[in-house]
Amino acid sequence: MVRIRNLRKSYGSYQALRGLTMEIDKGELFGFVGPNGAGKTTTMKIIAGLMRADSGEVVVAGRTLSGNTGQVREIIGYVPDFFGVYDDLKVQEYLEFFASLYGMDGRESRHRTEELLEMLGMTQWRDEMVDGMSRGMKQKLCVARALVNNPDLLVLDEPASGMEPRYRRHLKELLQELCAEGKTIIISSHDLNELAEMCTSVGVISKGRLVMQGELPTLLRRQQEKNPYVLQCLKFPEEAVQLLKSDPHVKNIVSRGTSISFPYDGTEEEVAELFAGLVGRGAQIISFCREEGNLEKMFLDITTLS
């Protein structure tokens, strides 16, 4: 659905994107993750046709963005990280106005507006003035606006910002339903657990480059394979420490009471031999496993090293 090749974008001397390359398949609910300034918003604006890249290629639904921006915009819905509203318009009038921009006549625009209000759980807000709504409700309205043209691709930059927990849950369920219907969705968020609950895959961007992409369970497993081992001894951990020091694959042993942690760069077979050696030397081991990983640690490890 979306193919990006060697995308570059600078603001003066600052390089926001440094040869970004990535692909997002049709029907994916893709989580875009990265620290502030990593290039997420710039990438999303370029995909949505709202900003030109300095160089590189963006292909959406088989059409190159350069030279086909108008056609590509027709199949995209975009939600910015912060969006303003028009004064003196009611919610229903606001959505009908945008529907008319897509060529819908009065009857079509009213019908589509009713569909969206029901879809977003906003029917009771139809007569509210847009400029008097809370930030969270404005964000919901922005999502509704992005769906007016029934787009094939949704690009959402922090769409749940300012929303109450129940609205965030409703948005998550809505995006999953849209994805199940075949829409492709790109969403950025600082809430990694929230993305983990809804996304089919994620991409981690740091300093303008994609540093990791894939399904979250796979990424976590790969990252956990780099975590140190932790063993718990019933008593006499000193003997275990001495044996560990003699193994060339063991680095930086940290001993705290009966707990010992250490990075290990050997194979699984060598790990098994190490464990057998510890037991053979009389070490009374209660547990032996890798340190558990989590999303926050994975994110910090990846973006710090990149």
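FYI, side chains are in, hydrogens and waters are out, and symmetry mates aren't considered; it's all heavy atoms of this structure. The structure presented is a predicted model; accordingly, all values stated were derived computationally and were not measured.
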S.K.: Look only at the side chain of Gln139 and the backbone of Pro159, and say whether a donor-acceptor pair between them is shorter than 3.5 Å.
M.R.: yes

S.K.: For the pair Arg290 (side chain) and Asn227 (backbone), establish whether a donor and an acceptor sit closer than 3.5 Å, ignoring hydrogens and angles.
M.R.: yes

S.K.: Is the shortest side-chain heavy-atom distance between Met122 and Met133 below 4.5 Å?
M.R.: yes

S.K.: For Phe275, give me all partners under ring pair (Phe, Tyr, Trp, His ring centres under 6.0 Å), at least two apart in sequence or on another chain.
M.R.: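 If we apply the ring pair (Phe, Tyr, Trp, His ring centres under 6.0 Å) test to Phe275, skipping adjacent residues, the hits are Phe288.
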
S.K.: Within the distance-only criterion (no hydrogens, no angle test), does the side chain of Lys40 pair as donor or acceptor with the backbone N or O of Gly37 below 3.5 angstrom?
M.R.: no

S.K.: When you look at CD of Glu118, are more than 12 heavy atoms from neighbouring residues, nucleotides or ligands closer to it than 6.0 Å?
M.R.: no

S.K.: Donor-acceptor pair, distance only, cut-off 3.5 Å: does the side chain of Arg112 make one with the backbone of Leu147?
M.R.: yes

S.K.: Taking the side chain as C-beta and beyond, is there a heavy-atom pair between Leu210 and Ile4 under 4.5 Å?
M.R.: no

S.K.: If you draw a 6.0 Å radius around NE2 in His111, do more than 12 non-hydrogen atoms from other residues or ligands fall strictly inside?
M.R.: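 Not more than 12 within 6.0 Å, no.
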
S.K.: Looking only at heavy atoms, which two atoms of Ile46 and Ala53 are closest? And how far apart?
M.R.: CD1-CB, 3.9 Å

S.K.: Is there a chain of hydrophobic side chains (I, L, V, M, F, W, Y, each step under 4.5 Å between heavy atoms) that links Leu244 to Ile286?
M.R.: no

S.K.: In Å, rounded to the nearest 0.5 Å, how long is the span from OG1 of Thr184 to CD1 of Ile76?
M.R.: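 So the OG1 of Thr184 and the CD1 of Ile76 are separated by 10.5 Å.
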
S.K.: Would the distance check show the side chain of Glu270 and the main-chain N or O of Thr267 forming a donor-acceptor pair, the cut-off being under 3.5 Å?
M.R.: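 Checking the backbone N and O of Thr267 against the side chain of Glu270, a donor-acceptor pair under 3.5 Å is found.
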
S.K.: Say you draw a straight line from NZ of Lys172 to OG of Ser189; how long is it, rounded to the nearest 0.5 Å?
M.R.: 12.0 Å

S.K.: Could you give the distance from OG (Ser261) to CD (Gln232), rounded to the nearest 0.5 Å?
M.R.: 10.0 Å

S.K.: Given the side-chain rings of Phe98 and Tyr94, with only the six-membered ring counted for Trp, is the space between their centroids under 6.0 Å?
M.R.: yes

S.K.: Within a strict 4.5 Å, meaning less than it, do heavy atoms of the Tyr11 and Thr42 side chains meet?
M.R.: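 Result yes, sub-4.5 Å side-chain heavy-atom pair found.
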
S.K.: Answer yes or no: is there a side-chain heavy-atom contact under 4.5 Å between Cys199 and Leu216?
M.R.: no

S.K.: With rounding to the nearest 0.5 angstrom, report the CD1 to CG distance, Ile205 to Leu20.
M.R.: 5.0 Å

S.K.: Can you tell me if Lys90 uses its side chain to pair, donor with acceptor, with the backbone of Arg126 under 3.5 Å?
M.R.: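 No; judged by distance alone, with no hydrogens or angles, the pair does not exist.
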
S.K.: Would you find a donor on one side and an acceptor on the other, under 3.5 Å apart, between the side chain of Asp54 and the backbone of Ser10?
M.R.: yes

S.K.: Do Met1 and Phe30 have side chains that approach each other closer than 4.5 Å (heavy atoms only, starting at C-beta)?
M.R.: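 When only atoms from C-beta onward are counted, Phe30 and Met1 do not touch, as no gap falls below 4.5 Å.
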
S.K.: Looking at side-chain heavy atoms only, is the closest gap between Phe262 and Pro228 below 4.5 Å?
M.R.: no

S.K.: In terms of hydrophobic clustering (I, L, V, M, F, W, Y; side-chain heavy atoms under 4.5 Å; direct or indirect links), are Met44 and Val59 co-clustered?
M.R.: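 No, Met44 and Val59 fall in different hydrophobic clusters.
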
S.K.: Among pairs that include at least one residue of residues 59-73, which meet salt bridge (Lys or Arg N to Asp or Glu O under 4.0 Å), considering only residues two or more places apart or in two chains?
M.R.: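 For residues 59-73: none.
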
S.K.: Give a yes or no on whether Leu274 and Val254 share a hydrophobic cluster (residues Ile, Leu, Val, Met, Phe, Trp, Tyr; joining criterion: side-chain heavy atoms under 4.5 Å apart).
M.R.: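 Leu274 does not cluster with Val254.
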
S.K.: At what distance, to the nearest 0.5 angstrom, does CD of Glu114 lie from CG of Leu95?
M.R.: 9.5 Å

S.K.: With a 4.0 Å cut-off, would you call Glu23 and Arg5 a salt bridge?
M.R.: yes

S.K.: Kindly write out the residues that satisfy side-chain hydrogen bond (donor to acceptor under 3.5 Å, both in side chains) with Thr41, not counting sequence neighbours, or none if the list is empty.
M.R.: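 Expected list: Asp157.
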
S.K.: Could you report the tightest heavy-atom contact between Gly39 and Leu17, atom names first, then the distance?
M.R.: O-CD2, 3.7 Å

S.K.: What is the minimum heavy-atom distance between Gly77 and Pro151, and which atoms define it?
M.R.: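 Closest approach of Gly77 to Pro151, heavy atoms only: N-CB, 3.4 Å.
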
S.K.: Quick check: do Leu231 and Leu278 have side-chain heavy atoms less than 4.5 Å from each other?
M.R.: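 Yes, side chains in contact.
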
S.K.: For Glu197, is there any backbone N or O sitting under 3.5 Å from a side-chain donor or acceptor partner on Gln176?
M.R.: yes

S.K.: Taking Thr21 for the side chain and Asn6 for the main chain, is one N or O donor matched with an acceptor at less than 3.5 Å?
M.R.: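 Judged by distance alone, yes, a pair lies under 3.5 Å.
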
S.K.: Determine whether a donor-acceptor pair (N or O, by modelled atom type, separation under 3.5 Å) exists between the side chain of Ser188 and the backbone of Glu158.
M.R.: yes

S.K.: What's the spacing between Asp265 CG and Lys251 NZ if we round to 0.5 Å?
M.R.: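 Separation between the atoms: 5.0 Å.
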
